[in-house]
Student: 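Before anything else, here's the structure in question.
These values consider heavy atoms only, across backbone and side chains, with no hydrogens, waters or symmetry-generated copies.
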Amino acid sequence: MGIRIEDIPLLLRPREKAIREGIESLSNEELLALIISSGSKNCSAIDIARELLNTYTSLSELRNISYSSLLNMSGLKKATALRLLACFTLFDRYYKENFNNEIYVYDTKILYQRYKFLENELQEHFILLLLNNQNKIIKEVKLYKGTSDQISINTKDILREILTSKATKFAIVHNHPNDNEKASFDDKETTLKLIKLAKEFDVILYDHLIIYQGGYYSFLHKKT
């Protein structure tokens with residue numbers, strides 16, 4: 001038998017802890033347990049939450065879980081599975097709705113907050129953001145998706161997107177799933193090549209942001 005909620009000291013139970021210290025104080029496991037609410041005789045909400053996080057190693061992966069996969073989890077009821085799916089779907093709709101709003105990039109931290117979710121991705125992603133003179137995002141292009149430690153980038157693809165969108169500035173965001181906090185040799189070479197190519201068409205690179213677990217590296221500021 002796993003951990004029962006009633007076996008946890010009252011002050012440490014997810015619901016009581018959230019009320020006392022705020023919802024932000026809860027761990028991912030505790031947040032999931034709070035949503036799950038109750039399990040079965042031999043499998044508590046905490047047990048189910050822990051199994052989910054052990055099976056799906058990132059929140060991004062967990063967010064894409066199917067209804068049938070949820071039902072295969074021990075102690076998870078149909079109503080609870082639907083409740084979890086509803087939470088994940090609301091998050092996806094919020095993200096899409098938010099991206100449709102006008103976003104102006106006036107600070108690198110805006111890029112980091114917008115793409116912080118890449119910290120949890122197991123593969124490397126390369127995103128191109130096209131900006132106008134006012135630094136407004138006019139288009140987002142998810143150009144590449146690579147392996148856990150490398151990605152193949154064609155600078156001509158990037159330049160083509162820039163010119164067809166009539167952008168005057170652009171920004172690059174990609175992640176390091178291996179949690180390397182520094183720009184690699186290839187990162188630097190690609191960035192310099194793009195700056196040189198874009199300059200021929202009077203287009204400016206605003207920044208190249210590398211996101212890793214817990215932070216980011218900015219080519220604009222040359223620091224994390």
Side-chain angles (χ1 to χ4, degrees), residues 58-61 63-64 91-224:
S58 72
L59 291 177
S60 178
E61 187 181 352
R63 199 180 82 237
N64 294 319
F91 171 82
D92 287 338
R93 289 181 181 179
Y94 165 78
Y95 178 78
K96 291 175 182 177
E97 180 182 285
N98 188 54
F99 195 83
N100 288 331
N101 295 333
E102 292 187 350
I103 302 295
Y104 291 84
V105 181
Y106 55 82
D107 190 284
T108 294
K109 290 181 180 178
I110 291 177
L111 292 178
Y112 174 57
Q113 290 299 324
R114 190 172 187 78
Y115 296 101
K116 194 175 185 294
F117 68 90
L118 289 176
E119 290 183 3
N120 299 312
E121 291 292 341
L122 300 178
Q123 293 177 295
E124 193 166 351
H125 295 253
F126 188 97
I127 299 172
L128 172 66
L129 291 172
L130 303 166
L131 315 174
N132 63 14
N133 279 325
Q134 289 76 43
N135 285 14
K136 174 186 172 183
I137 297 176
I138 57 177
K139 188 178 181 181
E140 176 202 52
V141 185
K142 297 177 181 177
L143 278 178
Y144 305 109
K145 182 177 180 180
T147 63
S148 61
D149 59 1
Q150 63 180 354
I151 197 167
S152 179
I153 296 172
N154 187 330
T155 53
K156 290 183 180 179
D157 290 340
I158 298 172
L159 185 62
R160 186 183 303 111
E161 289 288 348
I162 293 171
L163 296 179
T164 54
S165 69
K166 298 181 181 180
T168 56
K169 300 177 185 178
F170 68 103
I172 300 167
V173 179
H174 86 275
N175 61 311
H176 278 178
N178 58 12
D179 291 339
N180 188 348
E181 299 180 8
K182 300 298 181 182
S184 68
F185 175 80
D186 288 341
D187 291 335
K188 294 175 183 178
E189 285 291 300
T190 299
T191 303
L192 290 174
K193 188 174 181 180
L194 282 172
I195 290 174
K196 184 177 180 180
L197 282 173
K199 190 174 182 181
E200 295 178 10
F201 297 92
D202 295 321
V203 181
I204 300 169
L205 173 63
Y206 176 81
D207 199 1
H208 180 176
L209 200 67
I210 300 172
I211 295 177
Y212 54 87
Q213 188 68 46
Y216 65 90
Y217 176 88
S218 164
F219 275 82
L220 178 65
H221 301 290
K222 295 294 191 300
K223 63 180 181 180
T224 57

Student: Look up atom NZ in Lys166 and atom CG in Leu130, then write down how far apart they are to the nearest 0.5 Å.
Tutor: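 The NZ atom of Lys166 sits 13.5 Å away from the CG atom of Leu130.
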
Student: For the residue pair Tyr217 and Glu181, what are the closest heavy atoms and their distance?
Tutor: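 It is CB-O, 3.6 Å.
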
Student: Under the criterion side chain to side chain contact (heavy atoms under 4.5 Å, CB included), I'd like the reasoning laid out for His174 against Ile210: C-alpha separation, chi angles, the key distance, then a yes or no.
Tutor: CA-CA 5 Å; His174 86 275; Ile210 300 172; 3.4 Å; yes

Student: Pair Ile172, Phe170 - check side chain to side chain contact (heavy atoms under 4.5 Å, CB included), show working.
Tutor: CA-CA 7 Å; Ile172 300 167; Phe170 68 103; 4.0 Å; yes

Student: Taking Thr168 for its side chain and Val203 for its backbone only, find out whether a donor-acceptor pair lies under 3.5 Å.
Tutor: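 No, Thr168 side chain to Val203 backbone: no donor-acceptor pair under 3.5 Å.
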
Student: Under the salt bridge (Lys or Arg N to Asp or Glu O under 4.0 Å) rule, collect the residues that match up with Glu161, sequence neighbours excluded.
Tutor: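 Checked Glu161 against salt bridge (Lys or Arg N to Asp or Glu O under 4.0 Å); matches are Lys139.
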
Student: Side-chain contact, heavy-atom cut-off 4.5 Å: Leu111 with Leu129?
Tutor: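 A side-chain contact exists here, since the closest heavy-atom pair is under 4.5 Å.
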
Student: What residues, two or more places apart in sequence or in another chain, satisfy side-chain contact (heavy atoms from CB on, under 4.5 Å) together with Lys109?
Tutor: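 With sequence neighbours excluded, Lys109 shows a side-chain contact (heavy atoms from CB on, under 4.5 Å) to Asp107, Tyr216, given in chain and number order.
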
Student: Is a donor from one side chain sitting under 3.5 angstrom from an acceptor on the other, for His176 and Glu124?
Tutor: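 Not at all, the side chains of His176 and Glu124 share no donor-acceptor pair under 3.5 Å.
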
Student: Check side chain to side chain donor-acceptor pair (under 3.5 Å) between Asp202 and all other residues, then give those that pass, not counting sequence neighbours.
Tutor: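 Per chain and number, Asp202 pairs via side chain to side chain donor-acceptor pair (under 3.5 Å) with no residue.
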
Student: Using 0.5 Å steps for rounding, measure from the CG atom of Leu143 to the CZ atom of Phe126.
Tutor: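 Between Leu143 CG and Phe126 CZ, I get 6.5 Å after rounding to 0.5 Å.
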
Student: Looking at residues at least two apart in the chain, or sitting in another chain, which of them share a side-chain contact (heavy atoms from CB on, under 4.5 Å) with Asp207?
Tutor: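 Asp207 satisfies side-chain contact (heavy atoms from CB on, under 4.5 Å) with Thr108, Leu209, Ser218, Phe219, Leu220 once adjacent residues are dropped.
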
Student: Could you check whether any side-chain heavy atom of Glu140 comes within less than 4.5 Å of a side-chain heavy atom of Ile127, counting everything from C-beta outward?
Tutor: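 With C-beta onward as the side chain, the pair touches.
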
Student: For Gln123 and His125, work out which heavy atoms get closest and say how close.
Tutor: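 Closest heavy-atom pair between Gln123 and His125: O-CD2, 3.0 Å.
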
Student: Is any side-chain heavy atom of Lys169 closer than 4.5 Å to a side-chain heavy atom of Leu205?
Tutor: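 No, every pair of side-chain atoms sits at 4.5 Å or beyond.
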
Student: The criterion is side-chain contact (heavy atoms from CB on, under 4.5 Å); which residues satisfy it with Gln134, sequence neighbours excluded?
Tutor: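 For Gln134, the residues satisfying side-chain contact (heavy atoms from CB on, under 4.5 Å) (neighbours in sequence not counted) are Tyr104, Asn132.
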
Student: For Leu118 and Asn175, work out which heavy atoms get closest and say how close.
Tutor: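 Minimum heavy-atom separation between Leu118 and Asn175: O-ND2, 3.5 Å.
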
Student: Could you please spell out the steps behind the side chain to side chain contact (heavy atoms under 4.5 Å, CB included) verdict for Leu131 and Ile137?
Tutor: CA-CA 5 Å; Leu131 315 174; Ile137 297 176; 3.7 Å; yes

Student: Would a distance-only check, ignoring hydrogens and angles, find a side-chain to backbone donor-acceptor pair under 3.5 Å from Asn135 to Val105?
Tutor: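 At least one qualifying donor-acceptor pair exists.
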
Student: Not counting sequence neighbours, which residues clear side chain to side chain donor-acceptor pair (under 3.5 Å) with Tyr112? List them please.
Tutor: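 Scan of Tyr112 (side chain to side chain donor-acceptor pair (under 3.5 Å), adjacent residues dropped) gives Glu119.
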
Student: Looking only at heavy atoms, what is the nearest atom pair of Lys188 and Ala183, with distance?
Tutor: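 Looks like CE-O, 3.7 Å.
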
Student: Taking only distance into account, with no hydrogens and no angle test, what donor-acceptor pairs under 3.5 Å do side-chain atoms of residues 190-201 form with protein atoms, sequence neighbours excluded?
Tutor:
from: Thr190; atom 1: OG1; to: Asp186; atom 2: O; distance (Å): 2.9
from: Thr191; atom 1: OG1; to: Asp187; atom 2: O; distance (Å): 2.7
from: Thr191; atom 1: OG1; to: His208; atom 2: ND1; distance (Å): 2.7

Student: How would you list, by chain and number, every residue that makes a salt bridge (Lys or Arg N to Asp or Glu O under 4.0 Å) with Asp157, sequence neighbours excluded?
Tutor: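 With neighbours one apart ignored, the set is Arg160.
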
